[in-house]
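Structure first, then comments.
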Amino acid sequence: MLENYIRIGHNATGSYGNYVCTDLADFPTPSEMPYTLNDVDKDPFTDLAGFTHRNRVRIDVLTVDLNYKYMTDEIQAYILQRIQPEWFYVELINPKTKRKEIHKMYASSKSTNVLKATKDENGNYINEYISFQVTLVEE
């Protein structure tokens, strides 16, 4: 288990690769956390001879999938509230350097599967989730 592995905040100063965040808060530890490192190209093309030409502008842009299993309404609501703004700051371990870093990110797709829905004594629905997934993408 990756206890206190991820923290998310909303107030930061600095620039790419050198952020300082003043309001980092612990984030629920995912069951799985696959990541990808992507290159960003500007106007790549393949010429008539079949050769690809690249104009790589960035390397290793981080995309992280946070996968959760068996969660409650409260945990899902907390996650959705923390990733609410358009941009937020995520402290996690850089897979190449193995050091904690703060990345400016946004939440892309979010998906969930409901295991069961019940009603409480006030008639409010309470969902239990078999899975929840959110993708975080670096600026």
Side-chain angles (χ1 to χ4, degrees):
M1 200 62 138
L2 304 172
E3 294 301 322
N4 301 318
Y5 191 72
I6 300 170
R7 297 190 305 159
I8 290 186
H10 301 105
N11 301 313
T13 57
S15 60
Y16 173 76
N18 194 24
Y19 290 108
V20 176
C21 192
T22 59
D23 66 342
L24 289 171
D26 287 342
F27 200 70
T29 302
S31 305
E32 298 175 333
M33 196 175 103
Y35 64 87
T36 56
L37 298 171
N38 301 294
D39 288 354
V40 177
D41 291 319
K42 182 177 187 273
D43 304 324
F45 68 96
T46 303
D47 63 23
L48 294 176
F51 292 98
T52 300
H53 300 269
R54 297 183 69 187
N55 182 13
R56 186 168 68 179
V57 294
R58 280 187 60 201
I59 63 170
D60 295 341
V61 176
L62 183 64
T63 300
V64 180
D65 292 323
L66 304 180
N67 299 320
Y68 297 90
K69 296 188 187 304
Y70 304 107
M71 66 183 342
T72 63
D73 272 348
E74 291 81 17
I75 295 172
Q76 186 180 46
Y78 177 80
I79 291 170
L80 291 171
Q81 289 167 14
R82 293 299 293 169
I83 61 174
Q84 180 76 31
E86 180 180 4
W87 295 100
F88 47 87
Y89 300 89
V90 181
E91 181 187 71
L92 45 73
I93 305 297
N94 179 311
K96 288 195 323 187
T97 65
K98 302 295 184 193
R99 293 190 174 128
K100 283 191 175 188
E101 292 180 357
I102 298 172
H103 299 267
K104 185 175 181 181
M105 303 184 97
Y106 69 91
S108 182
S109 59
K110 305 161 205 64
S111 63
T112 189
N113 287 323
V114 176
L115 174 63
K116 68 179 180 178
T118 57
K119 284 187 177 181
D120 65 13
E121 60 276 357
N122 298 321
N124 299 317
Y125 281 99
I126 300 171
N127 294 321
E128 290 184 42
Y129 301 100
I130 195 166
S131 65
F132 174 76
Q133 187 269 335
V134 58
T135 300
L136 305 181
V137 181
E138 186 176 19
E139 175 185 42

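When reading the values below, keep in mind they use all heavy atoms of this one structure, side chains included, and skip hydrogens, waters and symmetry mates.
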Report yes if some heavy atom in the side chain of [X] is under 4.5 Å from a heavy atom in the side chain of [Y]; otherwise report no.
{"X": "H10", "Y": "D23", "answer": "yes"}
{"X": "I126", "Y": "D120", "answer": "yes"}
{"X": "F88", "Y": "L136", "answer": "yes"}
{"X": "Y35", "Y": "I93", "answer": "no"}
{"X": "I6", "Y": "V90", "answer": "yes"}
{"X": "Y16", "Y": "E138", "answer": "yes"}
{"X": "K110", "Y": "I83", "answer": "yes"}
{"X": "Y106", "Y": "S108", "answer": "yes"}

Do the side chains of [X] and [Y] join up, straight or via other hydrophobic residues, at under 4.5 Å, putting them in one cluster?
{"X": "V61", "Y": "V57", "value": "yes"}
{"X": "L80", "Y": "V64", "value": "yes"}
{"X": "I102", "Y": "L62", "value": "no"}
{"X": "V134", "Y": "W87", "value": "no"}

With rounding to the nearest 0.5 Å, note down the distance linking [atom1] in [X] to [atom2] in [Y].
{"X": "S31", "Y": "Q133", "atom1": "OG", "atom2": "CD", "value": "12.0 Å"}
{"X": "Y89", "Y": "M105", "atom1": "OH", "atom2": "CE", "value": "12.5 Å"}
{"X": "L92", "Y": "Y5", "atom1": "CG", "atom2": "OH", "value": "6.5 Å"}
{"X": "E101", "Y": "N18", "atom1": "CD", "atom2": "CG", "value": "10.0 Å"}
{"X": "Y78", "Y": "I8", "atom1": "OH", "atom2": "CD1", "value": "8.0 Å"}
{"X": "I59", "Y": "L37", "atom1": "CD1", "atom2": "CG", "value": "9.0 Å"}

Inset, instruction - Indicate the atoms forming the closest heavy-atom contact of C21 with G9, along with that distance. - result: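 Scanning both residues completely, I find the closest heavy atoms to be SG-CA, 3.8 Å.
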Inset, instruction - May I ask you to decide if I75's main-chain N or O and Y68's side chain share a donor-acceptor pair within less than 3.5 Å? - result: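 No.
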Inset, instruction - State whether the side chain of N122 and the backbone N or O of N124 hold a donor-acceptor pair below 3.5 Å, judged by distance alone. - result: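 Between the backbone of N124 and the side chain of N122 there is no qualifying donor-acceptor contact (under 3.5 Å).
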Inset, instruction - Would you list the pairs meeting salt bridge (charged side-chain N to carboxylate O under 4.0 Å, His left out) in which at least one residue belongs to residues 74-97, sequence neighbours left out? - result: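 Those involving residues 74-97 are R7-E91, D60-K96, E91-K100.
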Inset, instruction - Look at the aromatic rings of H53 and F45 and report parallel, tilted or perpendicular, splitting at 30° and 60°. - result: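 The arrangement is parallel - the two ring planes meet at less than 30°.
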Legend entry - N55 and D43 side chains, donor-acceptor separation under 3.5 Å: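 No, N55 and D43 have no side-chain donor paired with an acceptor closer than 3.5 Å.
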Legend entry - N113 side chain to S131 side chain, donor-acceptor N/O pair below 3.5 angstrom: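 Yes, because at least one side-chain N or O of N113 sits under 3.5 Å from a partner of the opposite role on S131.
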